[in-house]
Amino acid sequence: MLDPLSAITNAFTSFLFGKVETTRLPVRTSTGQAQAVYLPTAAPGLGDSGVIIGREVYSGKGYIYDPFQLYGQQLPAPHWLVLGESGNGKSALEKTYVLRQLRFRDRQVVVLDAQGEDGVGEWNLIAQQLDITPIRLDPMAALDGGIRLNPLDPSITTTGQLALLRTIIEVAMGRGLDERSGFALKVAHAYVNESVTDRQPVLTDIVEQLRHPEAESAESMNVDIDDVRAWGLDVALVLDRLVDGDLRGMFDGPTTAGIDLDAPLIVFDLSHIDRNSIAMPILMAIVGVWLEHTWIRPDRKKRIFLVEEAWHIINSPFVAQLFQRLLKFGRRLGLSFVAVVHHLSDVVDGAAAKEAAAILKMASTRTIYAQKADEARATGRVLGLPRWAVEIIPTLTPGIAVWDVNGNVQVVKHLITDAERPLVYTDRAMTEDGVIDRGPAPERAAADRAATARERYPDPDEVYGTTPRSTVA
């Protein structure tokens, strides 16, 4: 309020000169200068140490991820689940991630390559670039001196061999072994290990012993020899498939010499195996146990185990249990398991729902590419994604995905360098090439859709500009 003297002065001035109003002159400026008025906000990243993935679409800043750097700080487990429809960039992400990880000297990668084109696996180009020969498991090639993996390899412990034999049989039979069949297998395995000393024991030895058990085996349990033979008959028939059936040649001989387990990249080419047959989960079981006992070692190396078409693992209760043990064991020795699947419903609604839930819970990192709306909602419920993320998943363009790193949810544009491009894109994936790298337009569209979704479904505890948090499944 003005004092009386000032009020009289203003009134006299207005009487003589009229009322004077101050007018602010317009100011012309650019958006680059005006942005200082409204400071930008962006979600916090995952740090600046690790592998560059691409750009976060809201802020445009680099997105860096490395499970080994984040483990114990932001990640309770280094395992990773990648989801999404075909043609949206999953394959490109996997390949560039592996290539960039291999630039670190203490990294080693094993890939189970279930995809294939032109008679070779999808990872064949990358293997050639690194001067590595893929381990091609092919029943026809195995008969002509191709690759063999021996489930009874001496490098696998006796306990591991028996566990592997049980898993193979249970996968093939679709049920667990009863006590009597398990006893017949146990005594046959023990006898073969004791009696075969001049060479590697092989599956043929187990089958022969199951068909013609030794009398000592029956006497030790005070049972009739004919009973032991009957108990082991079904087991012998299942193992005979690996010896003389459609999978013959791959597992019925000594492990092929020259497999380099010290190479930076080991590729198991499974592209010649029917992905819908029982052969695939049997292969997964054999390779998983073989790697557990021959590859994972306490040598301070950081190892990545990447599995294409991983629903073959998670959808079989017996194989899922085996890999669940591998994940728990490997975490202490620096193992990051990467599972790539198209649909979460392939595993959570399958026969191994309980085992699948346990494996999914261990995957603290989840990357979700575009999915149909119904699938996106189901994925969101299982993984505990915020509603704004679920809303935009069906609208994501190729190369852009929702990343959930232990509750840190961001939308990320994957970037591919010119040097990586010819190695990353197979003939099938070249159809993705025209849409994945279209410049910043898809990023802007994704950011706009995400912003709209977040306005419609705001998180109660979310502060504008911070990272949305989700509930870990």
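Residues: numbered from 1 along the sequence shown.
- Of the N and O atoms on the side chains of Trp123 and Glu308, at least one donor lies less than 3.5 Å from an acceptor on the other residue.
- Note on ring orientation: taking the six-membered ring where Trp is involved, the planes of Phe337 and Phe323 are tilted (angle from 30° to 60°).
- Using a 4.5 Å heavy-atom cutoff, the side chains of Glu292 and Arg325 are in contact.
- Side chains of Thr255 and Asp153: a donor on one and an acceptor on the other come within 3.5 Å.
- At least one side-chain heavy atom of Pro154 sits under 4.5 Å from a side-chain heavy atom of Gln200.
- With Glu375 contributing its side chain and Leu344 its backbone, the two residues share a donor-acceptor pair below 3.5 Å.
- By the 4.5 Å heavy-atom criterion applied to side chains, Gln324 and Leu326 are not counted as neighbours.
- In terms of heavy atoms, Pro201 sits closest to Asn150 at O-ND2, 2.9 Å.
- One distance of note links CG of Asp374 with NE2 of His343; it measures 12.0 Å at 0.5 Å rounding.
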Arg100 and Asp66: CA distance, side-chain angles, deciding distance, salt bridge (charged side-chain N to carboxylate O under 4.0 Å, His left out) verdict: CA-CA 11 Å; Arg100 296 168 191 178; Asp66 191 294; over 6 Å; no

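- The environment of Asp131 atom CG is sparse: at most 12 non-hydrogen atoms of other residues, nucleotides or ligands sit within 6.0 angstrom.
- Ring geometry for Trp80 versus Trp403: interplanar angle of 30 to 60°, hence tilted.
- If you take CG on Leu270 and CG on Leu283, they are separated by 6.0 Å, rounding to the nearest 0.5 Å.
- At distances below 3.5 Å, not a single donor-acceptor pair connects side-chain atoms of Asp269 with backbone N or O atoms of Pro134.
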Show your working on side chain to side chain contact (heavy atoms under 4.5 Å, CB included) between Leu185 and Leu177 and close with a plain yes or no. CA-CA 10 Å; Leu185 176 64; Leu177 277 182; 4.1 Å; yes

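- Contact annotation: the side chain of Arg136 approaches that of Asn124 to within less than 4.5 Å [non-hydrogen atoms, C-beta and beyond].
- A salt bridge links Lys95 to Glu122: at least one charged side-chain nitrogen sits closer than 4.0 Å to a carboxylate oxygen.
- Here the side chains of Ile368 and Leu383 are in contact, with some heavy-atom distance below 4.5 Å.
- When every heavy atom of Leu265 is checked against every heavy atom of Val98, the shortest pair comes out as CD1-CG1, 4.2 Å.
- The main-chain N or O of Val267 is never found under 3.5 Å from a side-chain atom of Asp113 such that the two would form a donor-acceptor pair.
- Checked by atom type and distance alone, the side chain of Thr365 never pairs as donor or acceptor with a backbone atom of Val405 at under 3.5 Å.
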Using side chain to side chain donor-acceptor pair (under 3.5 Å), reason through Gln74 and Asn406 one step at a time and then give a plain yes or no. CA-CA 7 Å; Gln74 300 184 51; Asn406 195 32; over 6 Å; no

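- When the shell of 6.0 Å around CZ of Arg180 is examined, it contains 12 or fewer heavy atoms from other residues, nucleotides or ligands.
- Within the 4.5 Å cutoff, the side chain of Val207 has no heavy atoms near those of the Leu237 side chain.
- The structure places CG of Asp48 at 9.5 Å from CD of Gln69, a figure rounded to the nearest 0.5 Å.
- Enclosure of atom NZ in Lys301 by more than 12 non-hydrogen atoms of other residues, nucleotides or ligands within 6.0 angstrom is indicated.
- With hydrogens and angles left out, the side-chain atoms of Glu170 and Thr167 include no donor and acceptor closer than 3.5 Å.
- Looking only at side-chain heavy atoms (C-beta outward), Leu165 and His189 come within less than 4.5 Å of each other.
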Determine, stepwise, if the pair Lys413 / Glu56 fulfils salt bridge (charged side-chain N to carboxylate O under 4.0 Å, His left out). CA-CA 6 Å; Lys413 163 74 173 179; Glu56 198 273 322; over 6 Å; no

Run the numbers on Leu210 and Val235 for side chain to side chain contact (heavy atoms under 4.5 Å, CB included), then give the verdict. CA-CA 8 Å; Leu210 286 167; Val235 176; 3.6 Å; yes

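- Between Ile259 and Trp290, some side-chain heavy-atom pair lies under the 4.5 Å cut-off.
- When only modelled atom types and interatomic distance are considered, Trp231 and Glu179 share no side-chain donor-acceptor pair under 3.5 Å.
- To the nearest 0.5 Å, atoms CG (Leu149) and CD1 (Ile135) are separated by 6.5 Å.
- Partner of Tyr65 under the side-chain contact (heavy atoms from CB on, under 4.5 Å) criterion, chosen from Val412, Val51, Thr367, Leu70: Leu70.
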What do the steps show when you test Val340 against Glu94 for side chain to side chain contact (heavy atoms under 4.5 Å, CB included), and what is the final call? CA-CA 9 Å; Val340 184; Glu94 302 156 25; 3.0 Å; yes

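- The environment of CD1 in Ile52 is sparse: at most 12 heavy-atom neighbours from other residues, nucleotides or ligands sit within 6.0 Å.
- Side-chain N or O atoms of Gln108 include none that pairs as donor or acceptor with a backbone N or O of Lys302 at under 3.5 Å.
- Thr395 contributes a side-chain N or O that, together with a main-chain N or O of Ile392, makes up a donor-acceptor pair within less than 3.5 Å.
- Taken to the nearest 0.5 Å, the CG atom of Leu335 stands 5.5 Å off from the CH2 atom of Trp295.
- Classification of Asp262 and Arg297 as a salt-bridged pair holds, one side-chain N sitting under 4.0 Å from a carboxylate O.
- Scanning all heavy atoms of the two residues, the minimum distance from Arg421 to Ile416 falls at NH2-O, 3.7 Å.
- The two atoms that bring Glu391 and Pro394 nearest to each other are O-CD, 3.5 Å, heavy atoms only.
- The two residues Gly84 and Lys90 make their nearest non-hydrogen contact at O-NZ, 2.9 Å.
- Residue Leu162 holds its CG atom at 7.0 Å from CZ of Arg166, rounded to the nearest 0.5 Å.
- Across all their heavy atoms, Leu327 and His79 have their closest contact at O-NE2, 3.6 Å.
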